[in-house]
Amino acid sequence: MKVITVQNVREREDAYTVRKKVFVEEQRVPLDLEIDEHEEEAVHFVLYDEGKPCGAGRFRTKDGLGKAERICILPEYRGKGAGRLIMEAVEAQAREQQLTALKLDAQVHAIPFYERLGYEIISDEFMDAGIPHKSMKKTL
């Protein structure tokens, strides 16, 4: 498996394909919430397994911090290190921009995954697209 930074329309569409399968189809997030006004400013990532897109995520800066967003892995790839590969690419992007911390809004069920990567909860629970979340942060 290999993570790439999106460089063209086809790769961006691969990211959207994974995101739509996970967030829109599996989790029932409305498409207009999933694909939002931040797509053009974000750096997008796609995880490929033998040419097949199986994971995605995006990165942007907000309030002087890096922000990991839309991190998702197709069900058959979960628990196999795929999410860690995406997060390593996002963290590398943040370091490249000389940012000192990375923030994300984790779905509550995914908190243990992010804690294993060194993220700490920094907020109370809140709802986003009908799904419970907590904000998390990691110093880089």
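Count residues from 1 along the sequence.
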Which distance, rounded to the nearest 0.5 Å, do you find between the CG of L47 and the CD1 of I86?
5.0 Å

Under the rule for side chain to side chain donor-acceptor pair (under 3.5 Å), what residues qualify as partners of D128, not counting sequence neighbours?
none

Could you name each residue pair satisfying salt bridge (charged side-chain N to carboxylate O under 4.0 Å, His left out) that touches residues 10-26, not counting sequence neighbours?
R10-D14, R12-E40, R19-E34, R19-E39, E26-R78

Hydrophobic cluster partners of F126 (side-chain heavy atoms under 4.5 Å)
none

Sorted by chain and residue number, the side chain to side chain contact (heavy atoms under 4.5 Å, CB included) partners of A129 (sequence neighbours excluded) come out as V29, L33

In Å, rounded to the nearest 0.5 Å, how long is the span from OG of S135 to CD1 of I122?
5.5 Å

Hey, what do you get for CD1 (I131) to CD (Q27), rounding to the nearest 0.5 Å?
4.5 Å

Quick one: CD1 on I121 to CD1 on I111, what's the gap to the nearest 0.5 Å?
4.0 Å

Over 12 non-hydrogen atoms of neighbours within 6.0 angstrom of CG in N8
yes

List the residues meeting salt bridge (charged side-chain N to carboxylate O under 4.0 Å, His left out) with K52, not counting sequence neighbours, and say none if there are none.
E76

For A94, which residues count as a side chain to side chain contact (heavy atoms under 4.5 Å, CB included) partner, sequence neighbours excluded?
F59, L99, L102, L140

Check this for me: E50, atom CD, are more than 12 non-hydrogen atoms of other residues, nucleotides or ligands nearer than 6.0 Å?
no

Can you sort out the partners of E37 under side chain to side chain contact (heavy atoms under 4.5 Å, CB included), two or more places apart, ordered by chain and number?
none

Is V6 isolated, or which residues cluster with it under the ILVMFWY side-chain rule of less than 4.5 Å, directly or via members?
I4, V46, Y48

Under the salt bridge (charged side-chain N to carboxylate O under 4.0 Å, His left out) test against E69, which residue among R58, K103, K62 passes?
R58

With sequence neighbours left out, what residues match Q93 under side chain to side chain donor-acceptor pair (under 3.5 Å)?
none

Output every pair passing salt bridge (charged side-chain N to carboxylate O under 4.0 Å, His left out) with a member in residues 108-121, not counting sequence neighbours, ordered by first then second residue.
none

Just verifying a value: how many Å separate D49 CG and Y77 OH, rounded to the nearest 0.5 Å?
4.0 Å

Check whether M87 and L65 end up in the same hydrophobic cluster, where Ile, Leu, Val, Met, Phe, Trp and Tyr are linked by side-chain heavy atoms less than 4.5 Å apart.
no

Contacts of D105 meeting salt bridge (charged side-chain N to carboxylate O under 4.0 Å, His left out) (sequence neighbours excluded), chain-then-number -> K67

For I71 and V90, run side chain to side chain contact (heavy atoms under 4.5 Å, CB included): C-alpha distance rounded to whole Å, both residues' side-chain angles, the deciding distance at 0.1 Å, then the answer.
CA-CA 10 Å; I71 307 300; V90 170; 4.2 Å; yes

Please list all pairs passing the salt bridge (charged side-chain N to carboxylate O under 4.0 Å, His left out) test where one or both residues lie in residues 130-140, with sequence neighbours left out.
E91-K138

Here the gap from F23 atom CZ to Q107 atom CD, rounded to the nearest 0.5 Å, amounts to 6.0 Å

Nearest heavy atoms of V3 and A89, plus distance in Å
CG1-CB, 3.6 Å

Pair V22-I73, side chain to side chain contact (heavy atoms under 4.5 Å, CB included): steps then yes or no
CA-CA 7 Å; V22 173; I73 304 297; over 6 Å; no

